[in-house]
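Note that the structure is predicted; figures quoted are calculated from it, not measured. This chain uses plain numbering: 1 for the first residue, then up along the sequence.
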Amino acid sequence: ELEEFYSSYFTPNCPVSVDIETKGRIITCIGFAPSPERVLVVPFFSETEADGSYWRSLEAERTAWEFVRRILQSHPSFGQNFQYDMQYLWREAAIPCPRFCDDTMLMHHALQPEMQKGLGFLASIYTDEQAWKFMHKVRSDDRNAKKGDQE
């Protein structure tokens with residue numbers, strides 16, 4: 001399915017929006033959006049499995065990580081608070097992001113330093129979408145939430 005999505009929706013050198021989700025030091029999933037209309041989420045963690053792994057074989061998980069590595073090494077990447085994501089990818093999975101090109105939180109903060117820079121706020125002023133990420137309350141001491149998303 002990963003290769004099918006890639007061949008259907010990725011074009012050579014297309015920029016890709018990237019977001020990782022974490023639980024403690026574990027990368028639970030990574031989302032890739034090669035366009036505003038298409039997104040693929042690659043899962044790595046499952047709460048229903050005793051070992052916590054979404055993938056049922058080491059080979060399948062290795063293939064998924066290599067897919068992530070290929071995208072990040074061959075496509076310009078950007079995201080909200082992406083520098084956080086990049087250090088996590090490097091520290092936890094040894095995956096560099098050599099084609100990193102933009103961080104929406106930092107770009108907004110450079111233009112409007114007096115304004116909030118969290119994802120919920122930026123979505124409220126730059127899109128017509130309803131708030132989605134904070135339909136539940138995030139505790140200020142939640143160590144699993146990205147700092148740039150809480151503000």
Side-chain angles (χ1 to χ4, degrees), residues 1-110 117-123 126-127 129-136 138-139 141-151:
E1 291 175 356
L2 299 176
E3 291 304 322
E4 182 179 326
F5 185 90
Y6 188 86
S7 64
S8 296
Y9 302 111
F10 278 76
T11 58
N13 210 33
C14 72
V16 60
S17 177
V18 182
D19 187 34
I20 72 168
E21 297 299 328
T22 61
K23 182 174 186 168
R25 294 180 60 109
I26 298 169
I27 296 173
T28 59
C29 63
I30 305 174
F32 297 101
S35 74
E37 297 81 28
R38 298 284 180 228
V39 65
L40 171 71
V41 176
V42 181
F44 289 101
F45 177 76
S46 172
E47 290 189 13
T48 61
E49 297 297 332
D51 64 359
S53 179
Y54 173 85
W55 302 97
R56 294 298 78 217
S57 73
L58 184 58
E59 184 61 32
E61 184 170 348
R62 183 178 297 122
T63 298
W65 281 115
E66 287 304 316
F67 179 81
V68 169
R69 180 182 304 278
R70 181 171 47 131
I71 289 174
L72 292 171
Q73 290 183 341
S74 61
H75 292 272
S77 55
F78 64 94
Q80 170 73 6
N81 198 8
F82 194 59
Q83 290 191 350
Y84 172 91
D85 291 356
M86 287 192 310
Q87 61 86 23
Y88 230 94
L89 287 161
W90 176 248
R91 187 180 68 230
E92 302 304 324
I95 296 177
C97 301
R99 307 236 15 229
F100 161 72
C101 60
D102 286 314
D103 185 315
T104 56
M105 182 182 78
L106 297 178
M107 289 189 306
H108 169 77
H109 188 59
K117 58 186 182 284
L119 182 59
F121 177 75
L122 295 183
Y126 292 120
T127 73
E129 298 295 323
Q130 290 182 331
W132 66 95
K133 193 160 188 163
F134 297 104
M135 290 184 169
H136 61 31
V138 174
R139 294 186 336 260
D141 65 341
D142 185 349
R143 295 183 183 154
N144 296 323
K146 292 190 238 178
K147 183 174 177 6
D149 290 346
Q150 292 178 3
E151 299 173 352

(Q) Taking the side chain as everything from C-beta on, heavy atoms only, tell me whether Leu119 gets closer than 4.5 Å to Asn81. (A) no
Q: Output the distance between atom CH2 (Trp90) and atom CG (Leu72), rounded to the nearest 0.5 Å.
A: 12.5 Å
Q.
Quick check for you: to the nearest 0.5 Å, what is the distance between Gln87 atom CD and Glu92 atom CD?
A. 8.0 Å
Q: Would you give the length of the straight line joining atom CH2 of Trp65 to atom CD1 of Ile30, rounded to the nearest 0.5 angstrom?
A: 4.5 Å
(Q) To check you understand the geometry: which heavy-atom pair defines the closest contact between Tyr9 and Arg38, and what is its length? (A) CE2-NE, 2.9 Å
Q: I would like to know whether Glu21 and Thr28 meet side chain to side chain donor-acceptor pair (under 3.5 Å); could you show each step before the answer?
A: CA-CA 6 Å; Glu21 297 299 328; Thr28 59; 5.9 Å; no
Q.
Looking at every non-hydrogen atom in both residues, tell me the closest pair between Phe32 and Pro34 and how far apart they are.
A. O-CD, 3.7 Å
Q) Short question: side chain of Asp102, backbone of Phe78 - any donor-acceptor pair under 3.5 Å? A) no
Q: Mind checking side chain to side chain contact (heavy atoms under 4.5 Å, CB included) for Glu1 and listing every partner two or more places apart, or none if nothing turns up?
A: none
Q | Side-chain (Asp103) to main-chain (Gln80) donor-acceptor, under 3.5 angstrom | A | no
(Q) In terms of relative ring orientation, are Phe100 and Phe82 parallel, tilted or perpendicular, with 30° and 60° separating the classes? (A) parallel
Q) If you take all heavy atoms of Val42 and Trp55, which pair is closest and at what distance? A) CG1-CZ2, 4.3 Å
Q.
Would you call the rings of His108 and Tyr126 parallel, tilted or perpendicular, taking 30° and 60° as the class edges?
A. perpendicular
Q | Minimum side-chain heavy-atom gap Asn13-Arg99 below 4.5 Å | A | yes
Q. Looking at CG of Leu89 and CD1 of Ile27, how far apart are the two atoms once the value is rounded to the nearest 0.5 Å?
A. 4.5 Å
Q) What is the minimum heavy-atom distance between Phe5 and Leu40, and which atoms define it? A) CE2-CB, 3.5 Å
Q: Taking all non-hydrogen atoms of both residues into account, name the closest pair between Leu2 and Phe67 and its distance.
A: O-CE1, 3.4 Å
**Q.** Inter-residue atom distance Glu49.CD - Arg56.CZ, 0.5 Å rounding
**A.** 3.5 Å
Q. Are Arg70 and Tyr6 in a cation-pi setup, meaning NZ or CZ lies under 6.0 angstrom from the ring centre and within 45 degrees of the ring axis?
A. yes
Q: Kindly give the heavy-atom pair with the smallest separation between Thr48 and Ser46, and that separation in Å.
A: OG1-OG, 2.9 Å
Q. Do the side chain of Arg25 and the main chain of Thr22 share a donor and acceptor less than 3.5 angstrom apart?
A. no
Q. Taking only residues two or more places apart in sequence, or in another chain, which ones meet Arg69 in a side chain to side chain contact (heavy atoms under 4.5 Å, CB included)?
A. Glu66, Gln73, Ile95, Pro96
